[in-house]
Structure formats: C-alpha cells, structure tokens
**Q** 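Take this structure first; my questions come after.
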There are 2 protein chains.
Amino acid sequence: MIQRKQVTSQDVALRAGVSRTTVSLVLNNKHELSQISPKTAQRVIRAAQELGYVPNAAAQALVNKKASVIGLVLSRSHHQISSDVYLTQVVDALMLEAHQNQMRVLLDVLENHEDRNSYQRLIQGRLVDGILFSGPRTDDRALDLLAKMDFPTVLMGGLPGSPFYSVDIDNIQAAKLATQHLISLGHQRIGCITNATPVFTAAADRLRGYRLALQENHLPIDDRLVRFGDFDPPSGYRAMQGLLSVQPNPTAVFVASDVVAYGAMSALHDAGKNIPEDVAIVSMDDVPLSAFISPRLTSVHLPNSKLAQSAGSLLIDLINGNRPARKQIILDTHLVIRESCGSQLRMNSQ
Amino acid sequence: MIQRKQVTSQDVALRAGVSRTTVSLVLNNKHELSQISPKTAQRVIRAAQELGYVPNAAAQALVNKKASVIGLVLSRSHHQISSDVYLTQVVDALMLEAHQNQMRVLLDVLENHEDRNSYQRLIQGRLVDGILFSGPRTDDRALDLLAKMDFPTVLMGGLPGSPFYSVDIDNIQAAKLATQHLISLGHQRIGCITNATPVFTAAADRLRGYRLALQENHLPIDDRLVRFGDFDPPSGYRAMQGLLSVQPNPTAVFVASDVVAYGAMSALHDAGKNIPEDVAIVSMDDVPLSAFISPRLTSVHLPNSKLAQSAGSLLIDLINGNRPARKQIILDTHLVIRESCGSQLRMNSQ
DNA sequence: CTATTCTAATAACACGTGTTAGTAACGCGT
DNA sequence: ACGCGTTACTAACACGTGTTATTAGAATAG
C-alpha cells in the first residue's frame, strides 16, 4: 500500500526553525507557562497548518497512557443485536457525549461469556480507557475480572450486588406501572411475555414487577400465563401462541418489550383476535416506531438517549479520576397511553 | 485513578530469564525462523501466562504502523441515526468480519459535511487503518480529501463517478421491480415517497427506478405524486398526508424505505383508508420487523448483513495492500410479497 | 591449534509524542 | 568584573513494542 509519509512534529519544528519540544508546547497550549514568545508561537502554528500536521494517535496514547477511546460492549449474541432497536439511540447519544470530551467510541461484542480473554486485549491492552456495558448478565464471569482491577466501568442496566457504577431505570416499578394500568382497566386475567430470559437482570425485574402488581391487587398468579421472549419478534409470536393455548385465554397481556410485542400482536392478528377488544396489550421501551404501528402501542417510555448520555458522562468522569459518591443513577419512566390497551375505548363507552 | 501497573514484555523477559527480544519473537511466533530453542520458548510462554501479559495496543500500533481498527463512519445527522434500523445489522456483520481478522470497529458520525477537520484526526492521526462509509452524500466535500490520499476506503452505497471501492445494490433496478409489481396488479395511479432527500444517492436512484417503471409501461408521470421522506416514520406520515391531498388519490404508493413506510401507513390508517384495498403499499429494505406488523409489508429485501460483510471483507483486503480489480460489488435483491400490496387479495378474488 | 560455520540469544535502534531538567544569552545591581 | 535572576528555548529521557545487526559460545573442519 502506497501511503504518503506521515507528517511528524519534527517536520513542523524544522519548518518553523525551532525544536520539537517548542512545537509540542505551543500546539498543546502550554506556551504561556513555558514563556514562549508569541512570535515563535505564531510561526509554529503557521508551519503546522501549512504542512497539515495531525498528531499520531498511537504515539499520543502511548505517552499519555490514555487512548481517548471508550468501549461500548454489547453482551448479546449476534442475532439479538440485529433486532436491537435501542442500540441506535444508545450509540447516538454516546457518541455525542464522547465527542464533547474529545473521545471516540469503539464497539465490541462479547460473544463467549466464559472467555476472559476477550476482555483482556481490550482492557489490559489499554485500547480503551473505560467500558460501557450494555445489558449485563448475571452469569457473566468476565465482569469479576473487571471489578478486581477497578477499571473504569459503567453498566447500563443494573446488576444487583455488583460493585460497579450503573445507570438504569427501575424495571420493577415500571413493569408494575404497566400491569397496574391493565388492572385499572378492569382486567382480571393478565398474561406476561418477558423481553428475554431471566439471566438478564432487566428481564427478571420486569417479571417481578408484573407479579407484584397482581399480588397487590389480590389477583391470582397463574404461571401458565408467563412466557419468555428472546429479544426479537419471532419469540414474541411463539410466546403469544403459547398463551392462546391456555384456557381461558387472558384478556390482557403485559409484554416487557416493544419489539417482542410486535411479534405477539402479529400472533393475535393471525389468530383472528382484535387488539384491544379481545386482548389488550401494554408494553415497555416505547421505541419510536411504536407510535406508528396499528394499533398504536401503549408502552412505558424509557429515556434511552438520556440513559446513554448519563452513562457516558459518568464513565468519562470515572476515566478522569473522579469518584462520584452516588453509585447508581435511576432515571424516571412514564406510561404513554395509546391504542393497544383500550383506554380510549373505555372512555368513549363511558 | 489507581491503576495497577501494566505488565510489560520486559517483566516477562525478566521472569523467564531472557531478553525482551526473545519474548517478542516467541510471542509472535517468529521463533522458528530465529532458532530459539523449544525449551526457552516454553519458558517464555509460561512466564507470560503467569503474569497475565497483554501487549500494549498503542505501542504495537505505533511500531507496526497499524492500529488494527477499522472505522465505520455514518454520514447522517443524529436524529436520523436514532431511527436507523439497518445500522444494527451492519454493525453486527461488520464486527463479525473484523473479529475474524483480529480487528476492531470504531464508530463515528460525520456531523458537519463541510468540515474536513473531522476526518483528519481520524485518518491522518492513524487512529484507523481504513474507513467504511455508510450512506455517502453527493455533497460531501470531505470525501475528496480521502480520495487524494488514497486511504483505504469502502463505500456502502455507490457514489457515481467516485474513485472509491463500493458495495451496493442496484437501487434503480430494485425500485423498478417494486413499482412494476404494483403496475402488474393493475394500478395506474401510483405515488412515490422516497427514503430521503435526493442528495443521498440511494434516494435519487430509487426515485429514478420508480419513474423508469412508469415510463416503460407508458403511464403518465405526475410530479405531485412524488414526496420526499427523511429516514424516519414522521416524515413518511407527512408525505402520505401530502399525497392524500392530491385528487384523485393514488391507488398505490411505492415507499422507498420500510421505516418511512410505517409512518405512511399510519397516516393512511388515520385517514380511514384501508391497506391494501384503498391504497396498496410496496416498500424497500425488508427490515425484520416488517414481517410482523399488520398488514405485513411487501418489500424489496436488501441483503444488509451480506452487504456489510462484503464491505468489511473488501476493506480489510485494501488495508492489507491488495487491490481487487473489481471496484464495485453489486448484490442481488428480491421482492418479498406479503399483504400490503394486495397480491393475495387478487389471487383470492380471481 | 586455528579458521569456519552454526546456534542461541541480545544490544541497540526505530516508531512519534509529552515532559523534565538544563543551558545559553542577556540585563541588572553591586 | 562578578553574581544573579529572568527569558526563550532545547537536549534528553520515557512510553512499550517489533526488528536488524551483532556477539558470544560451541561444534566442526582443516
């Protein structure tokens, strides 16, 4: 590969007629401390511009012991990433936050949860200065390693009992809120489809919120009415088919994720059931698309961008050596009522 | 920040009782050439494992003149990224391909299209070895800079007359195929909603395909029936409202993107129109979700994963110094017929 | 016993940057 | 004339790695 030779600070120094040190001082704005005459400073800046000098990132990283890169680690398998709808929001907000701090974002998947090696090159190799961890799993052994070396790490989504900083919503409360809404509409027999298997803490918490809501309203808990989704629409489709095989059918279903809910709704449609007349649906996540499908999805809104931004900001704090006292940040959620729950239907008929 | 001291190759050398050079040779599997006895090799490997040695990425990048990182550059504004549904597929496939070549993926947005500076730190700073460019714009001035330095670059989506390698589908042909399908169902008055403004080449091409199909079938072209989407559902909603204000209404609409189509369908729904009875819809992209909304969307399937994988593979080739003869790779598309076009309706009634 | 080849390893340099310690030149007071 | 502080810069080291030229020692040949 023919690559034009890199312009180094030495070249700039030569052209400006000064030493390389002077170039470094001027370009990093340390010349006021070091008493460098404004005249030479100007000459250096001119020379740098004329040559199109850009400092070598690797060299800077080496000497500064700072890569100026934060890692976003996804703890899901590949098929799950493909149908992940928040990812774009997270990535977007994170990049914005990173750029404001002269940092960049490196993306990585954690494919094998047993494999500590996959972390090592990333972290001990100092390729990134900190890690943002999306969707932690309770069975992730590699996280222990991270904790031991107190490497700057922030979790998006909590991991109970872990020593990490984290940014999250109150999943239990949010799921309870959603289920409660269905109860307040008069439903007695309410099913649940989770967003994922319970090894993901968010999934376990949402299921718990659903059960709590039933308990507090003295409704019976029927485990046949609980099905497990797996991030994508097909899993929701299958889960809903499962629910429909239980007699009597539930009159409402709390689905713990919009994307899974799409599949569930499709299954209802294919079974000839109307939403919300035959089966009402309340979901969680409030993905942008959910306001545009029909029927419009009633869903608990998650502040994804804000979540990612807070997480990014917190991580950068950690990287800079600050240790905020508050280890957990919990952001607020709220229910967005649309058509799939049948609220409007009720209001009209009353 | 208290950070445990990094384990260097010097530490390994000390522990194994050899020189640093020997450590490097052994760990990079060059010891066969250099006549290092198997016994010392074993000793070195043991020592490295015991200390948990991981080479410093910055130092390696500096001396090898290779960052082992490829950059994925998104040329869209932030709100457009948030509602981008292919991004996850692209990212996923790209990471898979990168990992197989011991590379990582750095994500970046290009916010200001006039600003050459944003490229400079990335490329001239040697932070990445190559760039994968998603969604090039005809008005992107910064691309010229890239071309001049012949930096390894691959475009996802073509840019006519540009000197870059690219991976794409035949947008004109695909759009033509979709429109043709509507024509074959007997529609005479067919509207079009683009996926984006025409500065994006893909949007311009799809519009052209639509017009070609009309021409070849001797149907009149009515520019009032062409509206421009802007990546997200709301833009599709507004565009469809615009189309419905034209009398007589179109009986079918080709929407050049699934996500935009969701908005368009929502507008039809709100206007009391049935799909496909009143207005038939054919779209492009075939996002996974499209099989699960109702009515199920008829759409031209794009091989997004394959596209990203090919692009990644091509880019890695370029980085390694190969110059494949074929500058453009065009992948195949096919129409997936579902409910929104009304094909099945027709077949039943016939 | 010396010259030559072969083996096994290393000293030394290069990559491009940030920073510390140090040094000329110069004015100034005594 | 000499010491002393100030100004304006630079020589030299450090960061951690890959690689080239070189060396010390042993084995072999003459």
Side-chain angles (χ1 to χ4, degrees), chain A residues 3-44 47-48 51-68 102 121 123-127 129, chain B residues 3-44 47-48 51-68 102 121 123-127 129:
Chain A
Q3 194 90 339
R4 205 186 309 171
K5 203 197 165 291
Q6 165 149 12
V7 180
T8 77
S9 60
Q10 180 65 51
D11 300 333
V12 178
L14 232 60
R15 180 171 186 113
V18 295
S19 82
R20 214 176 48 67
T21 307
T22 308
V23 173
S24 173
L25 290 174
V26 170
L27 263 41
N28 293 326
N29 288 322
K30 308 234 164 118
H31 45 124
E32 281 136 23
L33 301 158
S34 296
Q35 316 282 51
I36 286 186
S37 72
K39 211 172 50 185
T40 12
Q42 268 310 315
R43 218 169 52 234
V44 168
L51 293 176
Y53 168 70
V54 177
N56 180 293
Q60 282 187 321
L62 181 57
V63 66
N64 291 335
K65 296 180 172 307
K66 188 173 174 186
S68 289
Q102 278 70 255
R121 291 200 79 82
I123 292 153
Q124 300 201 27
R126 301 285 188 274
L127 218 149
D129 302 319
Chain B
Q3 195 88 338
R4 206 187 308 174
K5 205 198 161 292
Q6 165 148 11
V7 179
T8 76
S9 61
Q10 180 65 50
D11 300 332
V12 178
L14 232 61
R15 182 172 185 112
V18 296
S19 82
R20 215 176 47 68
T21 307
T22 307
V23 172
S24 173
L25 291 174
V26 169
L27 262 43
N28 294 327
N29 288 322
K30 308 234 164 121
H31 47 123
E32 280 134 22
L33 302 157
S34 296
Q35 317 281 51
I36 288 186
S37 71
K39 209 172 49 185
T40 15
Q42 267 311 315
R43 218 168 53 234
V44 169
L51 293 176
Y53 168 70
V54 177
N56 180 295
Q60 283 186 320
L62 182 57
V63 65
N64 291 336
K65 296 178 172 306
K66 189 173 174 190
S68 290
Q102 278 69 255
R121 289 200 79 82
I123 293 153
Q124 298 200 28
R126 302 283 190 274
L127 220 150
D129 303 319

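Throughout, protein chains are lettered first and strands after them, A, B, ... in sequence-line order, and every chain is numbered starting at 1.
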**Q** Would you kindly give the NZ-to-P distance between Lys39(B) and dA9(C), to the nearest whole Å?
**A**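 So the NZ-P distance, Lys39(B) to dA9(C), works out to 8 Å.
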
**Q** Of all the choices, dT19(D), dG16(C), dG18(D), which nucleotide is nearest to the side chain of Thr8(A) once you look at every atom?
**A**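 Of dT19(D), dG16(C), dG18(D), dG16(C) is nearest to the side chain of Thr8(A).
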
**Q** If I take atom CD1 in residue Ile36(A) and atom P in nucleotide dT6(D), what distance separates them, rounded to the nearest angstrom?
**A**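 The distance from CD1 of Ile36(A) to P of dT6(D) comes to 19 Å, rounded to the nearest Å.
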
**Q** Among dT19(D), dT17(C), dA9(C), which is the nearest nucleotide to the side chain of Ser24(B)?
**A**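 In terms of side-chain proximity for Ser24(B), the closest of dT19(D), dT17(C), dA9(C) is dT19(D).
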
**Q** So if I take the C1' atoms of five pairs at each end of the helix from dC1(C)-dG30(D) to dT30(C)-dA1(D) and get each local axis, what angle do the two axes make, rounded to 10 degrees?
**A**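 Overall, the helix from dC1(C)-dG30(D) to dT30(C)-dA1(D) bends by 90° from one end axis to the other.
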
**Q** Nearest to the Leu25(A) side chain among dT17(D), dT10(D), dA9(C), which nucleotide is it?
**A**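 Of the options given, the side chain of Leu25(A) lies nearest dT10(D).
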
**Q** For a quick check, tell me whether the side chain of Thr40(B) and the base of dA8(C) share a donor-acceptor pair closer than 3.5 Å.
**A**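 It does not, because no donor-acceptor pair links the side chain of Thr40(B) to the base of dA8(C) below 3.5 Å.
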
**Q** Val18(B) has a side chain; which of dT17(D), dC15(C), dT10(C) sits nearest to it?
**A**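 Selected nucleotide (nearest to the side chain): dT10(C).
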
**Q** Ser19(B) and Thr22(B): side-chain hydrogen bond (donor to acceptor under 3.5 Å, both in side chains), yes or no, with the steps?
**A** CA-CA 5 Å; Ser19(B) 82; Thr22(B) 307; 3.3 Å; yes

**Q** Got a donor-acceptor pair under 3.5 Å from the side chain of Ser37(A) to the base of dT7(D)?
**A**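 Absent.
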
**Q** What nucleotide among dG18(D), dT10(C), dT19(C) has an atom nearest to a side-chain atom of Asn64(B)?
**A**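 Of dG18(D), dT10(C), dT19(C), dG18(D) is nearest to the side chain of Asn64(B).
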
**Q** With a 3.5 Å cut-off and heavy atoms only, can you find an N or O donor on one side and an acceptor on the other between the side chain of Arg20(A) and the base of dG18(C)?
**A**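 Answer yes: a donor N or O sits under 3.5 Å from an acceptor.
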
**Q** Measure NZ/Lys66(A) against C1'/dT17(C) and give the value in whole Å, please.
**A**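 Result: 16 Å.
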
**Q** Would Ser37(B) and Thr40(B) count as having a side-chain donor-acceptor pair, cut-off 3.5 Å?
**A**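 Distance-only check passes for Ser37(B) and Thr40(B).
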
**Q** Whole angstrom is fine here: how far is it from CG in Leu62(A) over to C1' in dT17(C)?
**A**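 One finds 8 Å between C1' of dT17(C) and CG of Leu62(A), rounded.
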
**Q** Can you tell which of dC15(C), dT17(D), dT19(C) lies closest to the side chain of Thr21(A)?
**A**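 For the Thr21(A) side chain, the nearest candidate turns out to be dT19(C).
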
